[in-house]
Amino acid sequence: MKRRSIRQKTKKGAPKWMVTYSDMITLILVFFILLFSMSQIDQTKFDQVTESFQNRMILDFLPSAVPLDHPTENTGEKSDNGTLDEIEPIYLAKDEVEDRNDELDDLMMSVSQYLEENNLNDVITANRNDRGVVLVLQEKILFKSGEAEILEEAGPFLNHIVSLLSDLPNQVKVEGHTDSRPISNYRYPSNWELSGARASSVVRYLLEAKSLHMERFSTVGYADTVPLEPNTSESNMSKNRRVEIIILDNE
C-alpha cells in the first residue's frame, strides 16, 4: 500500500522578524513624539521662573508660574485693569530692610561710644561688615590664661551688650579663638575645647543676664585656625586669643 504524501501548509503573511521590526519602529516614533511635545514650553512662564532664581524679589510681584490650588486665597488686590496690584508689599519689604540697617547702625554707634567713654578700645573693637556688627573681645578682658570663666571686669560691657540685644531681633553668633600654642589639661585637652568653652561661657552670661531667646544664639570654637595675625610673636598671639560676638545682619 502506497504511503500518502503529506503536503506542508505554507503560512501566509509577514515574516516574524518583520513584526518585531515594526514594533521597534513604532516605539521609536512614539519616543520622538514625546520628546517633541515636552520641548514645547511656555516661554513667558519659563522666563519668569528663570528670573525668579536670579532675583528672589521677583516672586513678590509676578504671578506664580505654577497654578495655585486655591486661587481665591491670593491676597493681592486687582486694579482697574484687572491685574494684581502688589507693589505696596515690596515697599514694605524695603522699609523693613532699611529699619534693620538703621538698628545695626545705632547699635554700632552705641558700642563705639561706650568703648570710647570707658577706655576699652585697646581690648575691644567694633566694626561693621557684610555679616553684621562684629565685636572682638581680647582674652585679657574676658578670661584668665587657659580658662573659660568670665572675669568680673567683663561684666559691665557684656551687660551693655545684653541691653542692646534686648531691643533687636537679630541672630547672634559667638566665636571662640585661641593662639597656636597647644594646651592639654583635664578640662581642655586641646585648643578646640578651650575655644568652644569660651564661646559658650559668653553666651551663657548673655542669656543669664536677661531673658533673651536662646534660639537666637549659636556658638563655635575655631581653636587657632582663624588667626588675625601670624602666631610669630607674643603681641600677635594676644590678638588671636579672642572671642567675637557677631550680631548678624538678618537680611
Side-chain angles (χ1 to χ4, degrees), residues 1-101 104 129-132 134 169-175 190 192 195-196 199 213-226 244 246-251:
M1 186 175 179
K2 244 182 181 180
R3 279 188 173 182
R4 187 177 178 183
S5 59
I6 300 175
R7 293 182 181 180
Q8 293 183 349
K9 295 182 180 181
T10 305
K11 294 183 179 180
K12 296 182 180 180
K16 291 183 178 180
W17 68 267
M18 184 64 75
V19 176
T20 304
Y21 178 77
S22 301
D23 289 342
M24 182 183 69
I25 295 299
T26 303
L27 289 174
I28 293 175
L29 177 61
V30 171
F31 175 72
F32 280 104
I33 290 175
L34 286 174
L35 286 180
F36 178 78
S37 63
M38 293 170 62
S39 66
Q40 305 301 306
I41 62 174
D42 189 322
Q43 189 62 38
T44 302
K45 291 183 178 180
F46 179 78
D47 291 339
Q48 291 178 2
V49 172
T50 303
E51 192 173 357
S52 71
F53 282 103
Q54 298 173 350
N55 182 6
R56 291 184 306 170
M57 292 185 67
I58 198 73
L59 298 177
D60 293 334
F61 56 87
L62 279 181
S64 173
V66 181
L68 297 175
D69 292 336
H70 305 285
T72 55
E73 294 179 2
N74 195 316
T75 56
E77 296 182 358
K78 289 189 175 181
S79 58
D80 296 337
N81 58 6
T83 60
L84 287 176
D85 185 4
E86 296 187 9
I87 300 300
E88 185 176 357
I90 297 175
Y91 289 122
L92 289 176
K94 289 182 179 179
D95 290 342
E96 289 176 1
V97 172
E98 291 177 357
D99 289 341
R100 291 171 184 170
N101 289 334
L104 288 181
N129 57 27
D130 55 351
R131 300 175 67 191
V134 181
N170 300 59
Q171 297 289 314
V172 180
K173 183 179 181 182
V174 180
E175 301 176 351
S190 71
W192 291 106
S195 60
H213 294 292
M214 65 175 61
E215 293 82 4
R216 295 174 56 189
F217 293 85
S218 61
T219 66
V220 60
Y222 285 110
D224 61 331
T225 60
V226 191
E244 296 188 5
I246 303 101
I247 298 89
L248 297 173
D249 189 338
N250 286 342
E251 183 184 0

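Just so you know, these numbers use all the heavy atoms, side chains as well, and skip hydrogens, waters and symmetry mates.
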Side-chain donor-acceptor pairs under 3.5 Å in residues 18-25, sequence neighbours left out?
from	atom 1	to	atom 2	distance (Å)
Ser22	OG	Met18	O	2.8

Tyr222: what forms a ring pair (Phe, Tyr, Trp, His ring centres under 6.0 Å) with it, not counting sequence neighbours? His177
Rounded to the nearest 0.5 Å, what separates atom NZ in Lys173 from atom OG1 in Thr219? 9.5 Å
Minimum heavy-atom separation for Ala199 to Glu175, with atom names? CB-C, 4.1 Å
How far apart are the closest heavy atoms of Ala223 and Ser195, and which atoms are they? N-OG, 3.0 Å
Salt bridge (Lys or Arg N to Asp or Glu O under 4.0 Å) with Glu244: which residues, sequence neighbours excluded? Arg242
Test of understanding: with side chain to side chain contact (heavy atoms under 4.5 Å, CB included), list the residues that count as partners of Ser190, not counting sequence neighbours. Trp192, Glu193
Among residues at least two apart in sequence or on other chains, which ones pass side chain to side chain contact (heavy atoms under 4.5 Å, CB included) with Phe32? Ile28, Leu35
Please name all residues satisfying side chain to side chain donor-acceptor pair (under 3.5 Å) with Thr225, sequence neighbours left out, ordered by chain then number. none
Please check if the side chain of Asn170 supplies one atom and the backbone of Asp249 the other of a donor-acceptor pair under 3.5 Å. no
For the residue pair Val134 and Ile246, establish whether any side-chain heavy-atom pair is separated by less than 4.5 Å. yes
